[in-house]
Amino acid sequence: MSTRENAGDRPRHGGLGPAVVALAATTWVLVWLLAGAPGNLYVGFSGAPVAMGAAALACRQLVAVERPGPVRSFWRQLTWASSVLFVASVVSLLRANNNTGLSPYVGLPMLAGIAILIVALVRLPFGERTALGWVRALLDGATVAVASTLIFWYVVLDLAPKGTSLVSRVAAAVVGVSGVLLLVVIGKAAAAAESAVHPASLRVLTVAPLVDVAGSTLLIAGADWGRLALSVLALPLVGVSMAVGAYLQRRGCDAAPVQVSGATGRSLFNLLPFVAVTATAILVISVSAQDMSSRQRTVIIGAVLIAGFVVARQLLSLRENTLALRGIRKQQAELERLALSDTLTGMPNRTRFAVALGERIVAQQPSTALLIDVDDFKMINDTLGPAAGDQLLYQVSRRLREHCLPGELPARLGGDEFAVLLPSDEPASAEAAATRLLAGIGQPFHVADQQLLLHASVGIAVAAPGETADEVQRNADIAMYAAKEAGKASWVRFEPQMRQDMAHHARLAGELHNAILRGELRLVYQPVFDLHTGLLAGAEALVRWQHPERGFVSPADFIPVAERSGLIVPLGAWVLREACSQLSRWRAEFGAGAVEAINVNVAVRQLREAGFVDEVAAVLAETGLTSQNLVLEVTESSVVDGWQVRETLQALHEMGVKLALDDFGTGQSSLSLLRAFPVDVLKLDKSFVDGIAEGADRGRLAVAAAVAQLAEYLQLKVVAEGIENEEQRDRLRDMGYRYGQGYLMAKPLPPDECGKLMAPAVQVA
């Protein structure tokens, strides 16, 4: 998978200057040649140092901006190779001549430069890295090397003018053979299915070995003008190829590694060993025709024919293998696409997102992960059905694509959870992106002939040095949950303290699980009084945790942990059973003086459980109570959670269990709930009770009065919470409130102390 695919990095510009200089120097030499090579030869040979110097500068500039990895290592080695070839060009300038062959003083640095190029190409991550793959590559190289050596030795060297130095002829031949080997290595690298270096750069670098082979041949067997042309043009052309290759890599290196489709190039370079065998066979026939007897020639020709048949058979196998390999690669690409794509939306999936994030982190590139979770999607999915839910998720994915900028990678992680990878580590940029995406999701959706308005919560995690992709995703997940707890439809950026809080919650959840099993929890009871008679009218069960080491743990600390971890279900079941058992004991002890019903708080997670109604019926039966002895308190947010919760509440109401709407007045649709919800009791939130004292908020006073009148009209029982002084109690009583609870009358009490409040009722009876 390419880096550009993963996060859409923009290509880096620059690096054109050295390529222009190298091309200008080569053009100058070409013009000099076409003009008849006026003046001395130093003018013609002067272009080579300029072009090679520009090539060395281009490679060095690319190394300076390239990120660490095999590509940077490759171009660093090309910097060394171009520097060595620059030395060869300087020596060639100092020895400017048009002699046959190649001076060893020029040939040695040229050979060193070619060797460095071959090593750099061999070290690239392409092709097979198994022992068999190395053996196959060595055999191909040996075949080409031996064949080219024979051709140079028996053909090219024989064409050299008489009197040519053997050393200069051998030097030119060795450089030529090296060029053939370099051509093979470059060809294999350029035709690799996944090239670390940009393929365009490798194709341009192919000019170097071609010029080398042609130049070596002409230096030995060429005419005067041809020999001069290659002498002055060879190194400038090599410099141009290296400078242009560096420029192309700089422009397109962010797309590496690049998938190269097809097998044409690969097949062409795989043919080189067979071409070498064919050329050698022709050479053997020509030599045998001159130096052997007829019977010997017959044997040699037969052996060559057998070799030819083998070569033909191998060519057919090569074609079949190429076609098979092409099919396998096509299937592999399709399997990779399926493995890294979400089937519903076509977006990158969790695996591809993690790989993209990991690649950027390993490459030390700036990265930020946005985790996006659609708020209340379950309720929409339950209401409209799974098909409409899938359609909605598809539209959300399209909306994310539309609002992502170039370089940002949106993905679907699963369910209603999406993510976006940003190529930035600036908090302000990440926050702006989160705001932009939230605004896009906040626009209306049209699904199943309905217009829906969605919101989402976003967690932002900027990748810090040393963090892994998994850690960044976990950080974004933690921040997303913080956004949910902050009220949804917003974004929160991860801070290290959040991880500590999450770890604390995880430890607390483990300890809470053990506390339920070990009996560390206990119930206290908040009495509910008749404001007119002052007698006990009921009690609300409240859970408390006495930790053996921490001491008292506040419900404000462990109840949210229980809800987040799912422990609220076993915790709620324990509270229900213990409260009903306590009421049963009170009724056995105090008879008619005991409270008629016990109030138990129920979380929305419990109401979603399919067997909750049966559980309530079983507890009532086991404790000897009736449905009239139980009041279940639910919050307004629980009531609007979905059809499952509504069906559960309706079943409880039909069973005879009383339902109380807790914290009434704090929700956004309190009045509409009274029409849809089978409520028996309204509990006025403490925030309104605080506002009814003399000189307090008149708006709260008006709400409290309206709730009392509404309850009377609907024939509902109404209870005021949080009464802390006599003025509040008297004002509530005057408004029509019959029942109340608060610290003025009694704090939450242990079972024994709460039972003492029932004793006077027994005496009156």
Side-chain angles (χ1 to χ4, degrees), residues 523-532 535-543 555-556 559 572 575-576 579 583 595-604 606-607 628-641 645 649 652-653 657-692 700-725 728-729 731-733 735-749 754:
L523 291 184
V524 295
Y525 298 88
Q526 174 78 61
V528 178
F529 290 91
D530 188 316
L531 298 182
H532 292 278
L535 297 178
L536 186 66
E540 178 183 356
L542 303 173
V543 65
I559 292 297
V575 171
L576 175 65
L583 178 59
V595 294
E596 179 185 3
I598 191 74
N599 289 36
V600 178
N601 290 281
V602 179
V604 64
Q606 293 175 267
L607 297 173
Q628 295 298 315
N629 300 129
L630 179 62
V631 179
L632 297 181
E633 297 190 11
V634 297
T635 61
E636 296 181 18
S637 59
S638 301
V639 177
V640 298
D641 186 76
V645 171
L649 293 174
L652 290 169
H653 179 71
V657 175
K658 297 178 182 178
L659 301 176
L661 199 56
D662 198 13
D663 301 331
F664 185 75
T666 58
Q668 299 179 352
S669 56
S670 300
L671 296 180
S672 63
L673 291 178
L674 298 180
R675 179 173 55 85
F677 172 57
V679 64
D680 300 291
V681 182
L682 295 181
K683 300 194 72 174
L684 182 69
D685 188 69
K686 182 181 182 298
S687 61
F688 296 102
V689 175
D690 292 339
I692 66 172
R700 295 183 181 181
L701 180 63
V703 171
V707 170
Q709 294 175 11
L710 183 64
E712 181 180 1
Y713 179 79
L714 296 175
Q715 297 182 347
L716 301 176
K717 181 179 178 180
V718 62
V719 180
E721 298 181 293
I723 302 175
E724 297 181 350
N725 55 60
Q728 292 174 344
R729 180 194 62 191
R731 181 65 65 88
L732 288 166
R733 185 171 54 201
M735 288 180 182
Y737 283 86
R738 180 67 184 270
Y739 303 98
Q741 61 185 105
Y743 280 18
L744 173 65
M745 288 81 79
K747 295 181 179 181
L749 302 172
C754 188

Could you go through residues 740-748 and list every donor-acceptor pair under 3.5 Å that involves a side-chain atom there, pairing it with any protein atom two or more places apart or in another chain?
from	atom 1	to	atom 2	distance (Å)
Q741	OE1	K683	NZ	2.8
Q741	NE2	E540	OE1	3.1

(request) Check R738, K717, R733 against D530 for a salt bridge (charged side-chain N to carboxylate O under 4.0 Å, His left out) and give me the one that passes. (result) R738

(message) Run the ring-ring contact (aromatic ring centres under 6.0 Å, His included) test against Y525 and tell me which residues pass, sequence neighbours left out.
(response) W586

(request) Nearest 0.5 Å please: distance from the CG atom of N599 over to the NZ atom of K658. (result) 9.5 Å

(request) Among V681, L649, V679, find the one that has a side chain to side chain contact (heavy atoms under 4.5 Å, CB included) with L659. (result) L649

(message) So, taking the atom named CG in L523 and the one named CG in L542, what distance separates them when rounded to the nearest 0.5 Å?
(response) 8.0 Å

(request) Kindly compute the distance separating CD1 (I723) from CZ (R731), expressed to the nearest 0.5 Å. (result) 13.0 Å

(request) Mind checking the CG-CG spacing from L632 to L661? Nearest 0.5 Å is all I need. (result) 12.5 Å

(message) Using a 3.5 Å distance criterion without hydrogens, assess whether the side chain of Q606 forms a donor-acceptor pair with backbone atoms of A603.
(response) yes

(request) Can you measure from CD (E633) to CG (D662) and round to the nearest 0.5 angstrom? (result) 4.5 Å

(request) Tell me, please, which residues at least two apart from A537 pass side-chain contact (heavy atoms from CB on, under 4.5 Å). (result) Y739

(message) Can you give me the closest heavy-atom contact between V718 and A711, atom names plus distance?
(response) CB-CB, 3.8 Å

